[in-house]
Amino acid sequence: MSSAIAVPQHTLSESTHARTIDIHGWVITASTNAISNASECDALQSALGFPLPEMTFGNNLLSLEHRPSGWSLTLDAKGALSSVKGGELEEGDGGVKVGYADAWLKSRTDPGTSLPLPATVAAKPYDWTYTTTYPGHHPDASSESETWTDADPDDPAHTIPLSELTKPDPILFYAEVPLFEDELHDNGLSQLLVRIRVMPTCIFILARFTLRVDNVLFRIHDTRIFHSFTSSAPIPIVVRQLSGWEAPYDRVKRQLPRRNDLTPLTDVNFIAKVLTEMPSEVSQAVGAGTRWRGLRTKMQVAKLESRG
């Protein structure tokens, strides 16, 4: 029997809408709140220039700061929606054009409908699926710590070790932070959800964007972020994996356990499992024929060089 893992010194704190862990020089805060109110939505919509998702959690965020190096990262709704394409879609944007899209856009942008835009926002085209490859952002844009470089495929430290993540170690901190969700006028789902867990040996974050356009396609974009507390590297690093997959609706539908039960098609975990288990030449090369630039897997690292 393996010996129990040692739990490192850490502190937990909690307020009405936020929880924080302080561990190994990291300060990590997850803030979860109700959906944004009307005035908050108006302000964000005015800044972005297009209608917001039906459920926008503008006050939710996940923030990380590594105090010895000053490296920091934030994931929030404004950052995620800022990476959604506004205006006419171009090659690589992965635009989805279906019969009801024009009517759906009109319902969101025509001031004569029951869902008018604020007077300060001009109605214009945008990516109605809210597709985003948002990997988080660095609050201090001038900081050198924001630099990500391509991982070295020959360096095992530049990977995310599944064996470490699947250990039955205690979870010291866990949070789910929804950033936005929209049912695409009852024609599917667009959702971005961030999860984090902190264990005695590591930090792991999964930010997953899920898109279902009924009878058209499924799409997933994952940002995985990993940091090991036990690495022997002279300079600690953060590893980031960016991955995108998509497939035609019917191709995923064929993977249903029971042909007449469509319920799994609304299950984000089922969708992700099917897409990620398809051959990469199917789900990342051909996809659903949209030529979306997010179809790839890319590994990157950021060095946490001490300021002292």
Side-chain angles (χ1 to χ4, degrees), residues 5-6 8 21 23-28 62-75 79-80 83 132-169 171-174 194-209 220-245 272-273 275-281 283-285 292-308:
I5 187 73
I21 185 170
I23 183 170
H24 284 300
W26 288 87
V27 179
I28 302 168
L62 176 66
S63 68
L64 301 88
E65 180 185 3
H66 184 248
R67 286 179 301 193
S69 65
W71 189 92
S72 60
L73 184 72
T74 296
L75 296 102
S83 70
T132 178
T133 58
Y134 175 63
H137 65 276
H138 298 268
D140 182 5
S142 63
S143 172
E144 292 183 4
S145 67
E146 74 181 277
T147 302
W148 293 91
T149 58
D150 289 342
D152 179 354
D154 296 323
D155 188 339
H158 289 197
T159 62
I160 297 179
L162 292 180
S163 59
E164 188 163 347
L165 297 178
T166 54
K167 289 179 181 177
D169 292 343
I171 296 177
L172 309 179
F173 182 86
Y174 177 82
V194 180
R195 293 187 176 97
I196 180 171
R197 54 186 164 121
V198 180
M199 293 167 287
T201 60
C202 64
I203 300 167
F204 179 66
I205 298 168
L206 171 60
R208 171 166 286 168
F209 169 76
I220 293 279
H221 186 274
D222 284 353
T223 297
R224 288 178 164 86
I225 296 171
F226 175 82
H227 170 72
S228 173
F229 297 139
T230 60
S231 171
S232 59
I235 300 176
I237 62 171
V238 177
V239 180
R240 181 170 76 178
Q241 182 185 63
L242 307 172
S243 302
W245 306 267
K273 183 175 187 296
L275 290 181
T276 57
E277 290 181 356
M278 286 182 179
S280 60
E281 60 268 22
S283 61
Q284 291 190 311
W292 179 42
R293 66 173 61 89
L295 298 176
R296 67 349 185 181
T297 294
K298 185 174 185 178
M299 300 295 298
Q300 297 175 310
V301 296
K303 292 184 177 181
L304 305 178
E305 301 196 54
S306 174
R307 291 180 292 190

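Numbers here are sequence positions counted from 1.
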Out of curiosity, Glu164 CD to Phe204 CZ, how far, rounded to the nearest 0.5 Å?
11.5 Å

For a 4.5 angstrom cut-off between non-hydrogen side-chain atoms, does Val238 reach Leu304?
yes

Going by ring-ring contact (aromatic ring centres under 6.0 Å, His included), name the residues that satisfy it together with His227, two or more places apart in sequence or in a different chain.
Trp26, Phe229

Among all residues two or more places apart in sequence or in another chain, which pass the side chain to side chain contact (heavy atoms under 4.5 Å, CB included) test with Gln300?
Trp148, Asp150, Arg240, Leu242, Lys298

I need the minimum non-hydrogen distance between Pro161 and Thr159, along with the two atoms involved.
CD-O, 3.5 Å

Side chain to side chain contact (heavy atoms under 4.5 Å, CB included), that's the test. Do Ile220 and Thr276 meet it? Break it down for me.
CA-CA 9 Å; Ile220 293 279; Thr276 57; 5.6 Å; no

Counting N and O atoms only, with roles assigned by atom type, does the side chain of Glu305 sit under 3.5 Å from a partner on the main chain of Ser69, one being a donor and the other an acceptor?
no

Side chain to side chain contact (heavy atoms under 4.5 Å, CB included) evaluation trace for His138 with Trp71
CA-CA 8 Å; His138 298 268; Trp71 189 92; 3.5 Å; yes

Residues in salt bridge (Lys or Arg N to Asp or Glu O under 4.0 Å) with Lys167, at least two apart?
none

Backbone N/O of Arg195 and side chain of Arg208: donor-acceptor pair under 3.5 Å:
no

Any non-hydrogen side-chain atom of Leu165 less than 4.5 Å from a side-chain atom of Cys202?
yes

With Ala207 via side chain to side chain contact (heavy atoms under 4.5 Å, CB included) - residues at least two apart:
Leu75, Val194, Thr223

At what distance, to the nearest 0.5 angstrom, does CD1 of Ile171 lie from CE of Met199?
6.5 Å

Gln241: side-chain hydrogen bond (donor to acceptor under 3.5 Å, both in side chains) partners, not counting sequence neighbours:
none

Arg293 meets the salt bridge (Lys or Arg N to Asp or Glu O under 4.0 Å) criterion, sequence neighbours left out, with Asp93

Distance-only, no hydrogens or angles: does the Thr132 side chain make a donor-acceptor pair with backbone N or O of Ser83 under 3.5 Å?
no

Please name all residues satisfying side chain to side chain contact (heavy atoms under 4.5 Å, CB included) with Pro8, sequence neighbours left out, ordered by chain then number.
Ile23, His24, Leu172, Pro200

Just jot down the side-chain hydrogen bond (donor to acceptor under 3.5 Å, both in side chains) partners of Thr230, sequence neighbours excluded, or say none.
Ser228

CD1-CG distance between Ile28 and Leu62, expressed to the nearest 0.5 angstrom
7.5 Å

For residues Ile196 and Ile203, determine if any side-chain heavy atom of one lies less than 4.5 Å from a side-chain heavy atom of the other.
yes

For residues 224-236, pull every pair meeting salt bridge (Lys or Arg N to Asp or Glu O under 4.0 Å), keeping only residues two or more places apart or in separate chains.
Asp222-Arg224

How many angstroms lie between atom CZ of Phe226 and atom NE2 of His158, to the nearest 0.5 angstrom?
12.5 Å

Calculate, to the nearest 0.5 Å, the distance between atoms OG and NE2 belonging to Ser72 and His66 respectively.
11.5 Å

For Arg296, check salt bridge (Lys or Arg N to Asp or Glu O under 4.0 Å) against everything at least two apart and list the hits.
none

Salt bridge (Lys or Arg N to Asp or Glu O under 4.0 Å) partners of Glu277, counting only residues at least two apart
Lys273

Contacts of Asp154 meeting side chain to side chain contact (heavy atoms under 4.5 Å, CB included) (sequence neighbours excluded), chain-then-number -> Asp152

Below 4.5 Å, heavy atoms only, C-beta onward: do Val301 and Asp155 meet side chain to side chain?
no

From Gln284 atom CD to Trp245 atom CH2, the distance as rounded to the nearest 0.5 Å:
6.5 Å

